[in-house]
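Below is one structure, written out as structure tokens; comments come after it.
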Amino acid sequence: LARLSLFNVFAAPWFAAIYLLLFLSLAGCVVPRTFRLARSARALPPPAPRNLARLPQSARHETGLAPGDALDAAAAVLAARRFRLRTGDGWLSAEKGYRREVGNLLFHLALLGILGAVALGGLFGYKADRLLVAGSSFANTVTALDEFHPGRAVSAADLQPFSIALDKFTASYISSGTLRGQPSAFDAYIRYSAGPGSPARPYDLRVNHPLNVDGVKVFLIGHGYAPVFKVTDGTGRVVFDQAVPFIAVQQSGLTSEGVVKVPDARPDQLGFAGVFLPTAVDAGGQLESIFPAAENPRVSLVAYAGNLGMNSGPSQSVYQLNTAGLRRLPISPRPLAPGQSMKLPDGAGTLTFTGYQPWVSLAITYDPGTLPVLLAGVAVLLGLLLSFFVRRRRMFVRAYPGADGTTVVDVAGLVRSDAGGGFEEEFDGLAEALRSAHDGYDVTAPAPSGTDSSSRTDTEGE
């Protein structure tokens with residue numbers, strides 16, 4: 001699976017090849033159509049067929065106007081309805097609905113834009129994570145981030161130079177009823193600076209209310225507890241005094257696990273592994289947390305002494321303790337309340353649980369393709385609407401002398417696409433408008449002499 005890049009699909013060569021081929025195929029389809037549409041943007045409708053009665057929709061009426069005046073009146077009616085016109089000797093062609101092809105083309109161009117915007121974000125965007133304990137701060141640099149996933153064209157120098165400090169974090173939970181323990185609000189009160197020397201600004205970072213600074217979005221995605229420990233080694237020196245983030249392993253009560261590493265302790269290095277319980281209760285001789293808020297905080301640790309192995313070999317996770325070079329100290333773990341201490345045997349020192357601090361997990365995202373993707377998505381919807389609701393339709397009018405000095409007017413209509421229906425009603429309305437403009441009346445006379453009723457004419461254009 002690893003050789004096939006199935007654990008990192010979006011960075012796999014075969015995925016890049018598929019993406020590139022799709023991009024080129026769509027571009028090869030859309031770009032030539034764009035030039036053709038540009039050339040035909042001002043194209044006139046095709047000439048009117050000789051025998052309009054052969055078209056799907058047709059009508060005939062007589063008028064006292066001369067043939068030329070009848071065509072002029074018809075042109076005025078159709079132009080008022082925004083038809084594009086073309087006239088000839090005794091005939092008039094009109095067409096409407098050019099936006100349908102524009103919508104179809106816009107849809108495919110927008111798809112091409114989406115692919116380009118996604119590629120833009122993949123090349124020049126990045127994602128990162130940072131765990132931040134209350135009272136601490138960090139700058140947006142590669143070394144200060146816990147995880148960093150850059151785009152292919154992103155270097156360490158491309159990161160925006162903002163900084164964030166966490167002043168306080170509060171979490172509220174439902175305290176009664178069937179939803180007891182469910183979160184109701186998370187608020188991370190931070191201060192941020194857009195760059196070195198910029199003034200610090202306060203911000204209430206909440207779920208679904210990210211911080212937007214210099215084009216980067218910072219999301220609040222998690223929280224937990226960081227117990228504060230003070231460790232005195234066997235020589236009487238305070239060699240450790242800080243908060244250690246513990247990671248939640250049980251969400252309902254927020255029971256968390258973590259490790260404490262004290263490489264500066266003497267005579268032996270010290271390590272501790274244990275759990276933090278925000279609201280600890282005794283459940284049949286075993287402690288468990290029944291509520292995520294810290295109403296009765298307790299910590300229980302197992303102590304080790306020896307060589308932590310941090311001075312050589314591969315790097316270690318801050319959340320795991322390698323016990324290969326350690327021995328477990330003969331002391332039974334007992335829950336410690338804030339302010340209580342655990343004296344280590346053999347003069348190894350003392351550990352004191354002094355309290356706790358909340359921590360938050362931040363997701364840092366920079367994607368320059370977000371806005372282009374949004375605009376392209378809107379264009380996709382607009383193109384679909386134009387393609388679905390706009391009909392490409394044509395109207396043809398012929399006027400020629402009839403019997404008794406009148407003028408016979410033939411009207412026909414043709415729709416190129418009418419999946420939704422409705423052209424019949426539109427044609428009837430247009431035919432009635434032309435009849436009213438001519439002050440004419442319906443006739444059922446046969447086709448005029450000189451026309452070949454059996455002739456077939458290409459009505460789909462020139």
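Keep in mind the model is a prediction, meaning the values are calculated, not measured. When reading the values below, keep in mind they use all heavy atoms of this one structure, side chains included, and skip hydrogens, waters and symmetry mates.
- With hydrogens and angles ignored, the 3.5 Å screen pairs a side-chain donor or acceptor of Tyr203 with a backbone N or O of Pro210.
- A 4.5 Å side-chain heavy-atom check between Leu430 and Leu78 finds at least one atom pair inside the cut-off.
- Of the possible polar contacts, one joining the Trp359 side chain to the Tyr225 backbone as a donor-acceptor pair under 3.5 Å is found.
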Fill in: side chain to side chain donor-acceptor pair (under 3.5 Å) between Arg298 and Asn296, worked out
CA-CA 7 Å; Arg298 294 291 186 272; Asn296 186 33; 3.1 Å; yes

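- Rounding to the nearest 0.5 angstrom, the gap separating the CD1 atom in Ile364 from the NZ atom in Lys127 is 13.0 Å.
- The aromatic rings of Phe353 and Phe229 are tilted relative to each other, their planes meeting at an angle between 30° and 60°.
- Contact of the Lys261 side chain with the Gln316 side chain is registered, since non-hydrogen atoms from C-beta on lie closer than 4.5 Å.
- Between Val154 and Leu123, the shortest heavy-atom contact is CG2-O, 3.6 Å.
- Within the 3.5 Å criterion, the main-chain N or O of Tyr319 finds a donor-acceptor partner in the side chain of Ser317.
- Listed for the Asp241 side chain is no donor-acceptor partner under 3.5 Å among the backbone atoms of Lys230.
- Of all non-hydrogen atoms in Ala188 and Val360, the two that sit nearest each other are CB-CG1, 4.3 Å.
- Annotation: side chain of Tyr304 is not in contact with side chain of Asn322 (no heavy-atom distance under 4.5 Å).
- Summarising the geometry, atom CZ belonging to Phe272 is positioned 4.5 Å from atom CG belonging to Leu344; distances are rounded to the nearest 0.5 Å.
- Contact annotation: the side chain of Leu336 approaches that of Arg334 to within less than 4.5 Å [non-hydrogen atoms, C-beta and beyond].
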Practice prompt. May I have the step-by-step check of side chain to side chain donor-acceptor pair (under 3.5 Å) for Asp158 and Ser155, ending in yes or no?
Written response: CA-CA 5 Å; Asp158 296 324; Ser155 65; 3.1 Å; yes

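- Between the side chain of Ser289 and the backbone N or O of Gly253 there is at least one donor-acceptor pair closer than 3.5 Å.
- The backbone N or O of Val249 sits nowhere less than 3.5 Å from a side-chain atom of Thr255 that would complete a donor-acceptor pair.
- The shortest heavy-atom contact between Ala165 and Leu132 is C-CD2, 4.4 Å.
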Item to complete: Apply ring-ring contact (aromatic ring centres under 6.0 Å, His included) to the pair Tyr126 and Tyr366, showing each step before the final yes or no.
Response: CA-CA 5 Å; Tyr126 64 86; Tyr366 176 66; 5.7 Å; yes

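- A donor-acceptor pair under 3.5 Å is absent between the side-chain atoms of Trp14 and the main chain of Ser5, judged by distance alone.
- Ring-plane geometry between Tyr173 and Phe186 is classed as perpendicular, the angle between the planes exceeding 60 degrees on a 0 to 90 degree scale with a lower cut at 30.
- Ring geometry, Phe15 versus Tyr19: the interplanar angle falls from 30° to 60°, so the pair is classed tilted.
- Val77 has its side chain out of reach of Phe83: every pair of non-hydrogen atoms, C-beta onward, lies at least 4.5 Å apart.
- When atom types are taken as modelled, the side chain of Asp233 and the backbone of Thr235 share a donor-acceptor pair closer than 3.5 angstrom.
- In terms of heavy-atom proximity, Gly413 sits nearest to Met395 at CA-SD, 4.0 Å.
- In this structure, the side chains of Asn140 and Leu145 come closer than 4.5 Å at one or more pairs of heavy atoms.
- The backbone N or O of Pro196 sits nowhere less than 3.5 Å from a side-chain atom of Ser163 that would complete a donor-acceptor pair.
- Heavy atoms only, all atoms of each residue included: Ala243 and Val228 are closest at CB-CG2, 3.7 Å.
- Across all their heavy atoms, Gly309 and Gln269 have their closest contact at N-OE1, 4.3 Å.
- Within the model, atoms CG of Asp129 and CD1 of Ile221 stand 5.0 Å from one another, a figure rounded to the nearest 0.5 Å.
- Classification of the Tyr356-Phe276 ring pair by plane angle, with boundaries at 30° and 60°, yields tilted.
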Worksheet item: What's the verdict on side-chain contact (heavy atoms from CB on, under 4.5 Å) for Ile164 and Leu211, showing C-alpha distance, side-chain angles and the deciding distance?
Response: CA-CA 10 Å; Ile164 294 177; Leu211 169 68; 4.0 Å; yes

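- Side-chain atoms of Arg180 and Phe291, non-hydrogen and from C-beta on, do get closer than 4.5 Å to each other.
- A donor-acceptor contact shorter than 3.5 Å links the side chain of Ser256 to the backbone of Leu254.
- To the nearest 0.5 Å, atom CD of residue Glu95 and atom CZ of residue Arg84 are 7.5 Å apart.
- The closest side-chain heavy-atom distance from Val218 to Arg130 is not below 4.5 Å.
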